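Both backbone and side-chain heavy atoms feed into the values below; hydrogens, waters and symmetry mates do not. Quick note on labels: first sequence line is chain A, next is B, and so on, each numbered from 1. Bear in mind that the values here come from a model prediction, so they are computed numbers and not experimental data.
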2 protein chains.
Amino acid sequence: MQNAAQITTTHCEHKLRDADATKLKLVNAALLAFSTRGYDASSTRSIETEAGVKRGLINYHYGSKEALWKAAADHLMSMTERDLGTALETVKQMDEDARLYFFVRAYVAFCAKHPELNRLMIQEGMAHDWRLAWLLERSVRPWYEQVCRIFNQAAELGVAPKMDDHHFYYALTGAATLIFSNAAEARALSGKNPLDPDAVEAHANAVADLFTSIRNPI
Amino acid sequence: MQNAAQITTTHCEHKLRDADATKLKLVNAALLAFSTRGYDASSTRSIETEAGVKRGLINYHYGSKEALWKAAADHLMSMTERDLGTALETVKQMDEDARLYFFVRAYVAFCAKHPELNRLMIQEGMAHDWRLAWLLERSVRPWYEQVCRIFNQAAELGVAPKMDDHHFYYALTGAATLIFSNAAEARALSGKNPLDPDAVEAHANAVADLFTSIRNPI
DNA sequence: GTCTATAATTAGATAGAC
DNA sequence: GTCTATCTAATTATAGAC
């Protein structure tokens with residue numbers, strides 16, 4: 001394998017690009033399927049079809065459906081950590097009193113941009129199996145601790161609602177995300193797409209006001 | 001069929017009781033399966049096994065998997081309407097200022113008692129198919145309008161948070177329910193069962209405080 | 001990297017015996 | 001009301017030709 005990389009020809013480069021393109025298409029299709037339909041209800045055949053690749057390529061590139069799920073989940077979590085990590089850095093530059101408020105706004109914006117994240121967490125958070133264990137270990141637990149830390153800092157400053165951090169975490173997560181993860185239902189009820197920028201902005205304002213005691217920071 | 005009912009013997013009565021018992025076991029097992037695993041991932045075979053009835057009885061009693069889903073969803077929605085309907089009646093006897101607060105508490109208590117409801121809504125709210133259409137028509141739309149009414153009455157009295165009723169509905173629903181619908185995840189994170197009475201009480205207090213402007217009514 | 005064939009399993013639904 | 005046999009279709013996975 002190392003030798004193959006050294007004697008790279010244009011032919012090999014082309015093949016490598018094709019392989020990476022195929023894998024990317026599969027991971028994206030898998031993410032959509034696993035997060036909206038669930039793991040067991042998503043067949044590898046349907047994922048291949050939706051990805052626009054030939055049948056059998058999931059087993060060729062990933063070896064199994066389970067490995068494809070892990071690759072898709074890892075892809076999603078890496079992107080989430082990157083985006084929310086930079087948001088956290090930005091928030092830490094701010095005045096202490098305003099951190100929770102802008103953290104909540106950034107979190108709502110991210111959830112609207114990537115509803116797959118919360119859909120996947122909802123799908124896998126109901127039953128205790130290998131996928132939930134994987135997600136907890138890989139990302140949920142570190143994220144949970146970071147959110148609790150921001151909340152507890154705000155609580156000491158008196159700008160957070162009065163409650164236990166665990167209840168804060170689930171109240172905030174649910175309030176911030178349900179309208180996006182259940183976008184089909186929300187759209188049917190209101191006639192408006194909750195993922196439209198105006199609706200996202202309105203929801204971010206509503207949730208940030210709700211979960212912080214200061215109404216108009218700055 | 002009408003004649004058969006008229007010439008009821010003890011033998012027939014016994015058979016009818018067996019049929020009703022079988023159907024009840026099937027509906028309960030179906031509710032658990034459809035709400036936690038999703039419709040497509042729940043096989044009729046597994047539901048029959050979990051219900052402890054013989055194979056083939058789903059098709060015998062209901063004719064199809066689709067009809068079983070509708071029977072299970074109707075069972076759940078009837079119970080929900082009954083329980084939350086009486087809670088609404090109780091709340092309407094109260095002082096106007098306190099209605100929203102105690103409505104939220106009653107809603108949280110119900111969601112903890114029947115996490116299947118929100119699990120089913122989450123499963124079916126992501127994609128727009130015949131099951132979401134059925135749920136919207138059957139119960140979600142009337143419930144949505146009742147919640148908005150209570151919220152708007154509280155808003156006129158100045159005891160509701162400042163936001164659009166549609167965003168209130170989804171923020172409240174998400175905040176109230178996620179900790180129960182994702183109980184497996186919440187338990188793994190905190191080490192405590194969120195469905196325990198103490199945890200339910202704490203969450204009800206937290207959410208009711210959050211979504212009403214008056215802190216200690218009465 | 002692509003395509004085909006096929007194995008082994010499981011799905012929902014139907015018909016008929018008891 | 002219960003049970004069994006069976007049908008058709010779809011599933012994951014493997015091996016091998018190109």
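- When the P atom of dT11(D) is taken as reference, atom CD of Glu48(A) falls 11 Å away, rounded to whole Å.
- The salt bridge (Lys or Arg N to Asp or Glu O under 4.0 Å) pairs that include a residue from residues 23-32 of chain B number zero, where partners must be two or more places apart or lie in different chains.
- For Ser43(A), the side-chain hydrogen bond (donor to acceptor under 3.5 Å, both in side chains) partners at least two apart in sequence or on another chain are Ser46(A).
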*Where each pair must be Watson-Crick or G-U wobble with both distances under 3.5 Å, what dot-bracket representation of DNA chain D is obtained, with crossing pairs in [ ] and other-strand partners as |?*
|||||||.||||||||||
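- One finds the NZ atom of Lys65(A) at 7.0 Å from the OG1 atom of Thr44(A) (value rounded to the nearest 0.5 Å).
- Going from atom CH2 of Trp69(B) over to atom C1' of dG12(C) covers 18 Å, rounded to whole Å.
- Between Phe211(A) and Phe151(A), the distance separating the two ring centers is not shorter than 6.0 angstrom.
- No engagement by Ser46(A) is indicated, since no non-hydrogen atom pair under 4.0 Å with the nucleic acid exists.
- Of the residues in residues 57-67 of chain A, those placing a heavy atom less than 4.0 Å from an atom of DNA chain C are Leu57(A), Tyr60(A), His61(A), in numerical order.
- Legend: residues meeting ring-ring contact (aromatic ring centres under 6.0 Å, His included) with His166(A), ordered by chain and number and at least two apart, are Tyr144(A), Tyr170(A).
- For the OP1/OP2 pair of dA11(C) and a distance below 4.0 Å, the side-chain nitrogens and oxygens of Ser43(B) include at least one atom meeting the criterion.
- For residues 29-39 of chain A, every residue pair satisfying the salt bridge (Lys or Arg N to Asp or Glu O under 4.0 Å) rule, not counting sequence neighbours, is listed here: Arg37(A)-Glu50(A).
- Arg138(B) is linked by a salt bridge (Lys or Arg N to Asp or Glu O under 4.0 Å) to Asp74(B), Glu81(B), counting only residues two or more places apart in sequence or in another chain.
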What does the list of N/O pairs under 3.5 Å between the protein and nucleotides 5-8 of chain D look like, with a distance for each?
{"unit_1": "dT6(D)", "atom_1": "O4", "unit_2": "Arg55(B)", "atom_2": "NH2", "d": "3.0"}

Find every protein N or O atom lying less than 3.5 Å from an N or O atom of nucleotides 15-18 of chain C, and list the pairs.
none

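- Take Phe103(B) and apply the ring-ring contact (aromatic ring centres under 6.0 Å, His included) test, not counting sequence neighbours, and it matches Trp143(B).
- A salt bridge between Arg105(A) and Glu201(A) is present, with a side-chain N of the basic residue lying under 4.0 Å from a carboxylate O of the acidic one.
- For the side-chain hydrogen bond (donor to acceptor under 3.5 Å, both in side chains) test, no residue two or more places apart in sequence or in another chain qualifies with Lys92(B).
- Separating the CG atom of Asp40(B) from the C1' atom of dA10(D) is a distance of 12 Å, rounded to the nearest angstrom.
- Each of Ser42(A) and Gly56(B) lies near DNA chain D, and the nucleotide nearest Gly56(B) is the one positioned closer to the 5' end.
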*Evaluate the salt bridge (charged side-chain N to carboxylate O under 4.0 Å, His left out) criterion for residues Glu66(B) and Lys70(B): first the C-alpha distance (whole Å), next the side-chain angles of each, then the deciding distance (0.1 Å), finally the verdict.*
CA-CA 6 Å; Glu66(B) 178 175 331; Lys70(B) 286 178 182 169; 3.2 Å; yes
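- A distance of 6.0 Å or more separates the ring centres of Phe180(B) and His114(B).
- Under the rule for a side-chain hydrogen bond (donor to acceptor under 3.5 Å, both in side chains), the partners of Asp129(A) that lie at least two apart in sequence or sit in another chain are Arg131(A).
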